[in-house]
J.: 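Structure in structure tokens, see below.
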Amino acid sequence: MLAFALRRSLLGLLVVLLAVTTLYCLVHAAPGNPIDILLGPRGSPAMKAALEARLGLDQPLPVQILKFLGSLLEGELGIDIKSRRPVADLVLERLPKTIALLIASLFVAAAFGIPLGCFAATHRGSAADRVVGVASVSVISIPPVIIAIYGLLLFAAWLKWLPAVGAGERGDMADQLNHLILPTLAVALNWIGYVARLVRASMLEILNEDYIRNARAFGLGEWKVVYRYALRIAVSPTVTVLGIGVGYMLGSAIFAEIVFARPGIGKLIYDALLVRNYPVIMGSVLASTVILVVATTVSDILNALIDPRIREGQES
Amino acid sequence: MADGALVEIADLTLSYAGVPALRSVTFDVGRGRVTGIVGESGSGKSTLGAAILRLLPPAARVSAGRILFDGRDLLSLSQREMRALRGARISFVSQDPLRALMPTLTIGRQMTEIQFRRGDGARRKRLRAAEMLDRVGVPNPEQRLRAYPHELSGGQRQRVSIAMAMMMQPDLLIADEPTTALDATLEAQIIALLRELQDEAGCAMLFVTHDLGLLPELCDEVVVMESGEVRESGPVERVLTEPVSDYTRMLVRCDPARVGQKTRRLPTRSGNPDVGDVPWLGPPERILRHDPPMLVVEGLDVTFRRRSWLRGALGAQSDFIVQAVKGASFSVAHGETVAIVGESGSGKTTIARSVLALQEPDRGSIGIGGVEVVGRSPRELRPVRRRVAMMFQDPIGSLSPRFTVGSLVTEPMLIHGIPVPDREREAMRLLDLVGLDARFAERYPHELSGGEARRVGVARALSSSPELLVADEPTAGLDLSIQGELLNLLAEIQEQMGLAILIITHNLAVVRHISDRTIVMYRGEFVEEGSTEALFRNPRHEYTRMLLSASRHLQSAARAPADRGNEGAERPLPDP
Amino acid sequence: MNATVKTATVPAPSRDAAWRRLMRDPMGLFGFVIVSALAASALFAHVIAPHDPNAIDIANRFALPSGDHFLGTDQLGRDVFSRTLYGGRIALIVALVSTGSAAAIGLVIGLVAAYGPRAVDNAIVLVLDTMRCYPTIIFALAVGPLFGAGLGTVIAIMVVTTFPFYGRIVRTQTLALKKAEFVLSAQSSGASAARLVFLHMLPNIIGPLLILASMDIPIVIAAEAGLSFLGVGVKPPTPSWGIILDEGYRSVQHTSWLVVAAGIPLVLSTLGFTFLGEALRDTFDPKLGRRF
């Protein structure tokens, strides 16, 4: 098990390196390079050269990449051109807000999606199953930005049940949680539907397996057969999907953070974007890539814990 | 309470989503008796077992009848009452050992959890599990308890399933084709084990099977089923020797293992007057031993390796190499039928695929009509491939799903540029050759039955007028009655066209009748080769003897209890 | 040409029946109606629209729905209903062009990976797996501004972030089909590589791929709106749904009606496409999962 986790983490590291390098190349090979965007139309060639030299962009690309990766290893993400603060500080400051939102969303997606899917599968063909089916398909692809805006209008502006903006008072746990509800809804709603569909489908498949019928044939209780035996296996694809889904949730989190003015990574990127602050954009995007790779790695390791066959590299 | 049968099924009628599955089924299972239920696919035999346990799929509806178990009607019990019987008085062994056990829990955990009704401590339960594993012949029981199912072989997993079922000391054991997925040598061991355990425990057993050969081994009574109805029931010996119903008679007649003398034609559903009348008289004239032979294979070595550079680079387990075929050499003469016999994983299919150049060998040569195949480019191979045709294992899966039968059977002609004035008429001719109606030309593979798809496969194979036909498990998945028809068709075509045939199979009963020479393969090596008659009469290698006895003693009508001995225990296989 | 080629491209035999089943499924029917209505309104936007979508009428800004302006007017007095109709065009163009090209690129790359030499396969898999690390929105934020806002950029971003999924699926499917007995059977009877790929394998890959692509369309529509909302998508004043939403959101202090109206077509069309996609999947290929 440990060997598997180690192997998987190494692979994750490799993918981060590759992703980061590719992104760096892509950004610097693009027609409008960051310097032009930064300086705007009035930048003189001299200013451009000076800035390039300062950022080390006048060196050959491989050297730039190596330097860039080297500085990453030291936890350096560059210097914010506007505020002159290290980008790493900015990112680290905002990161906890985004991670809290992601974890809350993962939790909500699982906590609502799994029981709903399970219920639908065990009541296959019933009216309740059909209701869950239509409801979960309906919420799967509503754009998160719409959920955020409608949620803001309905629950914050009109009903005044929940706070509209910010992340809550520092140190006030209840207030922070209160501020988390609407953004989480915006990020997680698609996923509740998706997880419910997925769990229903895999439950139906597993409940048809011989080993489940055999467990029943030994007189084991229905509750145990369904929830302890079948669900444990049926949840495995959901873990994988949620791992990959963190990437999409990060995208949705940007909208939620903008609409609810929540100071997370997404808001950081958006604000930087408005003034074309490229080091900040790159730094935040890198941080998001790392989050995503960590999430997929963790989900793979979780799956290996659930199913011993995966540990040994057998396809499940 | 103690008198009367343990299970009395009366007038049971059941349907799946409106389609009848059982019609007025009536029979008894006596206390301590073994009742066999035999039938071909779709006969409803497995539904019966599930009905007794009340573990039918939700679409099933019982419209009439009773299932009395020890005097109580199971159909009127509540789910709770029913659950109290399951695993306590009735246990169950299912068909596919690879799917029977929870993949995510250790064997020990599963074996202790099913003892939830017993008040003992965990240690006592575990000890009992280990004892039971030992009893069914699983070596190192203590260690096996810590293993996950996927770490055990198929045969061992089936032993674990049986151990779990018998550990509950049931009054009734329902075994649904428990040996169908196993090789012949394992099958014999498992049957012996079941008989032994049943003797010891004195429980009743309902043994569901498609294989008539297993009945006398194990059963006291037998119930013959066809399309949801009981055709006949009674003591095994009487039913097998003096069947009353036409259907049973047909089943008994069609079993190639019951045709005593080697014969070229097998009996079929519609009967076959030639059976037994055409004895086997030495090598027939159709075999032409001129040089070069149709197929010459020399020193063939094939290994499989799985290499993932990424995993390798990250220190995952290194390459995994399996030597599938080791130094195989053999030949097939023009017009001759050669069979390669072996159990699963013996490498026999790999040989077939190498002959067709679908698998690159590591070493060795393969000559087809004097032309070397190994190392040739697809373009160079094309003229050779016209002379060889292959039938694959899965009758339906080997037909391209979006082609009609008509275009499938004529495709090889198109590939080889054989001039055909009228493709439609050519398709009709080929279909007619294999005994299929012209209407089949418009059908798609998924609209065919297994037997029909097999015939289409034969028609397609014949389309390029090959000289060698390689058939990989041609009888797999076919009911006995259809098996005979297919093999007779192959024999007929061979006589008409002078085909050489290489048959790859595990089915000894069939091999004995249809092949001229037989090669026995074990763990990638040829252990014995010779004329089929000689090999069956006088096997020299220990493994051949084991294979033969495994299938032969399943035919003997009765056996003395003395030689039951410890046959159930895991027996080491000989080295090749 | 000949019967083989003809039958290979002929639809599966049960397609008529499947179509009828699809139309009997209420969700499928609902999806079909919405999608047809959307397609028709986008196609005939210039006929249906009561006003020029870009005609400014400051005097009449933030008007509530009326007989003249079904969905009211925006902060510049433009007719929201007309803008929404034209926005449907943008949404459909982006959705169809980008899913279509992504699926096509994925198809080619997946086939090359599955059929090419080991090294090529490994390289492609590595690239695809790396590309999958960039979620659409994040990637768009990093790269979009460099290329400048516009329809082309949006489509390019969509294609780059979605084709790896198709590539992966096609590769897996092709590898499985390569070992399928019917393909081996054709190979053993001497069929050329082109025949194997185009007649025996492709028809069995394209069906599932099309269904997956149809299920991706609502995701792409949502992403386009999101990108335009963030200002890295279509350039204003082009009437994209994302732009209308952004403008509505900016003027939410004046009226909340605008942002609500801008959301309606988005919600309806994603619902319609999802329902239709799910129904298509259930009818033709119930074993198929979603793309991730």
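Below, chain A is the first sequence line, B the second, and so on; all start at residue 1.
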J.: For A:N214 and B:S94, test the side chains for any donor-to-acceptor distance below 3.5 angstrom and give the result as yes or no.
T.: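 On atom types as modelled, these side chains qualify, holding a pair under 3.5 Å.
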J.: Using non-hydrogen atoms only, which part of A:R228 is less than 4.5 Å away from chain B: side chain, backbone, both, or neither?
T.: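 Answer is side chain: those atoms of A:R228 sit under 4.5 Å from chain B.
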J.: Using every non-hydrogen atom in the two residues, find where A:P308 and B:P103 come nearest and quote the distance to one decimal.
T.: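 Residues A:P308 and B:P103, closest heavy atoms: CG-O, 3.4 Å.
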J.: Flag yes if more than 12 heavy atoms outside A:F112 fall under 6.0 Å of its CZ atom; otherwise flag no.
T.: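 No, the 6.0 Å shell around CZ holds no more than 12 heavy atoms from other groups.
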J.: Of the non-hydrogen atoms in B:M102 and A:I233, which two are nearest, and what is the gap between them?
T.: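 Shortest heavy-atom contact: CE-CD1, 3.7 Å.
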J.: Out of B:Q95, B:M164, B:R99, B:R83, which one racks up the most heavy-atom pairs below 4.5 Å with chain A?
T.: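 Going by pairs under 4.5 Å, I would pick B:R99.
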J.: Contact part of B:I90 toward chain A, heavy-atom cut-off under 4.5 Å: side chain, backbone, both or neither?
T.: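 The backbone, not the side chain.
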J.: Checking salt bridge (Lys or Arg N to Asp or Glu O under 4.0 Å) for the pair A:K224/B:E113: CA distance, chi angles, key distance, verdict?
T.: CA-CA 11 Å; A:K224 184 164 197 172; B:E113 286 204 354; 3.5 Å; yes
J.: Please find the pair of heavy atoms, one from A:A217 and one from B:F92, that lie closest to each other, and give the distance.
T.: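 Here A:A217 and B:F92 meet closest at CB-CB, 3.8 Å.
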J.: I would like to know whether A:Y229 and B:T104 meet side-chain contact (heavy atoms from CB on, under 4.5 Å); could you show each step before the answer?
T.: CA-CA 8 Å; A:Y229 281 19; B:T104 54; over 6 Å; no
J.: Just wondering, are more than 12 heavy atoms of other shown residues or ligands nearer than 6.0 Å to CZ in A:R124?
T.: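 Not more than 12 within 6.0 Å, no.
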J.: What part of B:R80 gets within 4.5 angstrom of chain A, counting heavy atoms only: side chain, backbone, both, or neither?
T.: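 Contact with chain A is absent: no heavy atom of B:R80 under 4.5 Å.
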J.: Using heavy-atom distances under 4.5 Å, tell me whether B:L101 contacts chain A through its side chain, its backbone, both, or neither.
T.: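 Looking at B:L101, just its backbone touches chain A.
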J.: Side chain, backbone, both or neither: which part of B:A100 has an atom under 4.5 Å from a heavy atom of chain A?
T.: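 Backbone plus side chain of B:A100, per the 4.5 Å heavy-atom cut-off to chain A.
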J.: For A:R216, which atoms come within 4.5 Å of any heavy atom of chain B: side chain, backbone, both, or neither?
T.: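 Both the backbone and the side chain of A:R216 come within 4.5 Å of chain B.
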J.: In Å, rounded to the nearest 0.5 Å, how long is the span from CZ of A:R213 to CG of B:D176?
T.: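 Reported to 0.5 Å precision, the distance equals 6.5 Å.
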J.: Indicate the atoms forming the closest heavy-atom contact of A:F218 with B:F116, along with that distance.
T.: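 Answer, listing the atom of A:F218 first, then B:F116: O-CE2, 3.7 Å.
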